[in-house]
Number of protein chains: 2
Amino acid sequence: MDLNEKQIQILQVAEKLFAHHGFEGTSIREISREAGVNIAMVSYYFGSKEKLMEAIFHYRVNTAWFGVQEILGDTSRDAWEKMKILFGSFIEKINEKKYFHQIVVRQQLLGEAGPVGEMMDEVRCRNFGILEQLVKEGQQAGLFKPEVDVALMIVTMVGVSYQLMHLEHFYRKISHLENMTQEAYDTELRIRLKNHLETLFKSILFK
Amino acid sequence: MDLNEKQIQILQVAEKLFAHHGFEGTSIREISREAGVNIAMVSYYFGSKEKLMEAIFHYRVNTAWFGVQEILGDTSRDAWEKMKILFGSFIEKINEKKYFHQIVVRQQLLGEAGPVGEMMDEVRCRNFGILEQLVKEGQQAGLFKPEVDVALMIVTMVGVSYQLMHLEHFYRKISHLENMTQEAYDTELRIRLKNHLETLFKSILFK
DNA sequence: GTTTAAATTAAACGACCGTTTAATTTCGTT
DNA sequence: AACGAAATTAAACGGTCGTTTAATTTAAAC
């Protein structure tokens, strides 16, 4: 499914509004007004509001873990270095696509019902497989400890990153970063989050 | 504000539905039908849908950190033991009030706007103060390392716990806990989460 | 038993919702 | 210039929304 310029415009506006006000909290009229198109264009291009949401997920998910296999196959790095690259790229991804990941959290709260729920379940299983493989590699090399709860590891990575993203205002206030520009804050946070996750993952993976 | 039996009935039904389908995704008609009362009763008792949400927060928040001061003041335990008790009781709380904490996550996504946003900000600041105090106590005793990002610590505790709660289905599948009863699963998870947070917090607090 | 305030009800209100229709415009192809 | 498919539009559709109204029932106080 290739999208023209106007379709992408609608998609991105809808993504932002769904992230801020939720699916039910956003009206087609709002989306079309903000995107500068007629109300009927949404149905015309996407069929329905539900299908619009699905289109957002297809638009984002298909480019999600691009290039991961290359990292995993790299024999010049050990499992721990690969792991650091992996969660580093995860941090970049969610920082780059904040709106989408807010929608993901909302969809998580709805459970795994609907076609979007199935998509997310697939992605999660794929990510679990990747991380599991990497952990096994590290264990076989005698680098990581023998018993590691990979699911809890993902939950930790995703949970901490999401929560930090949601509580931006609070974290800025508490950490005296209120006067930073958004760009500078994002950069600073990526660094802090990366160091933090590295600390946490060390305690999970090593003896 | 003291609530009669019927008001509490409405509150609890609304809490469940808001958690599952969100604020905008839940109608007054649904709430009143499920609670077995007339539609007009919600406006009659609470004024409006918004005020109903506020009432839910007052209902839950007021009993939130009950008994914490006693733990902190206990001189027979060191800071690390108190810390373990503290996040242990946090785990109990969110497990006990799952629905409410799903609403909290939804409200987080809306930012800190509105009267509910202010309430949550207050609670967060209070919790931050409590944890900060405890960390300082541990540092002065030479137990914890001198530089600790308390905000990141809270984010870790809350983020991991929430994420694990949201991904119950996924975690059950991946960890082969699908056939457990809800009760047994909850118990097992509280144990795993407690151990996990202990591991993580050790890496944050100790050298 | 009468009074009075609280509780409860069915019905109606106007507003907004997602979607469809049918007419019109746009624009590349012939 | 004429055609036809795609794009765009204003208007209307039936339905649901949160809230209010006005009438009725309930139940406690006197």
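Chain letters run A, B, ... following the sequence lines, proteins first, then strands; residues in each count from 1.
A:I39 has its CD1 atom 10 Å from the C1' atom of C:dG18, to the nearest Å. C:dT19 atom P lies 15 Å from atom CE of A:M41, rounded to whole Å. Rounding to whole angstrom units, NZ of residue A:K49 and P of C:dC17 are separated by 9 Å. Here C:dA5 presents its P atom at 13 Å from OH of B:Y44, a figure rounded to the nearest Å. B:K6 places its NZ atom 10 Å from the P atom of C:dA7, with the value rounded to the nearest Å. In this structure, A:Y45 places its OH atom 17 Å from P of C:dT19, rounding to the nearest Å.
Once you apply a 4.0 Å limit to the heavy atoms of chain A, the touched nucleotides of DNA chain D run 5' to 3' over D:dA6 to D:dA12.
In the displayed structure, B:E5 atom CD is contacted under 6.0 Å by at most 12 heavy atoms of other residues, nucleotides or ligands. Atom CD of A:E50 has 12 or fewer neighbouring heavy atoms from other residues, nucleotides or ligands inside a 6.0 Å radius. In this structure, B:N179 places its CG atom where only 12 or fewer heavy-atom neighbours from other residues, nucleotides or ligands lie under 6.0 Å away.
With the nearest nucleotide of DNA chain C identified for both A:S27 and A:G47, A:S27 has the one nearer the 5' end. DNA chain D is contacted by both B:E24 and A:R29; A:R29 maps to the nucleotide lying nearer its 5′ end (nearest heavy atom per residue).
Backbone-only contact: B:T26 has heavy atoms under 4.0 Å from sugar-phosphate atoms and none from a base. Using a 4.0 Å heavy-atom cutoff across all strands shown, A:S43 reaches at least one base atom of the nucleic acid.
Using the six-membered ring where Trp is involved, A:F23 and A:F18 have ring planes that are tilted, between 30° and 60° apart.
In summary, B:E168 and B:R172 engage in a salt bridge, as defined by a charged side-chain N under 4.0 Å from a carboxylate O. The pair B:D186-B:K98 meets the salt-bridge criterion, with a side-chain N (NZ, NE, NH1 or NH2) lying under 4.0 Å from an Asp/Glu carboxylate O.
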Secondary structure of DNA chain D in dot-bracket form (Watson-Crick or G-U wobble, distances below 3.5 Å, | marking inter-strand pairs): ||||||||||||||||||||||||||||||

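Here the CD1-NZ distance, from A:I31 to A:K16, works out to 11.5 Å after rounding to the nearest 0.5 Å.
Taking the ring centroids of B:W80 and B:F201, they lie at or beyond the 6.0 Å cut-off. Checked against a 6.0 Å centroid threshold, the rings of B:F100 and B:F57 count as neighbours.
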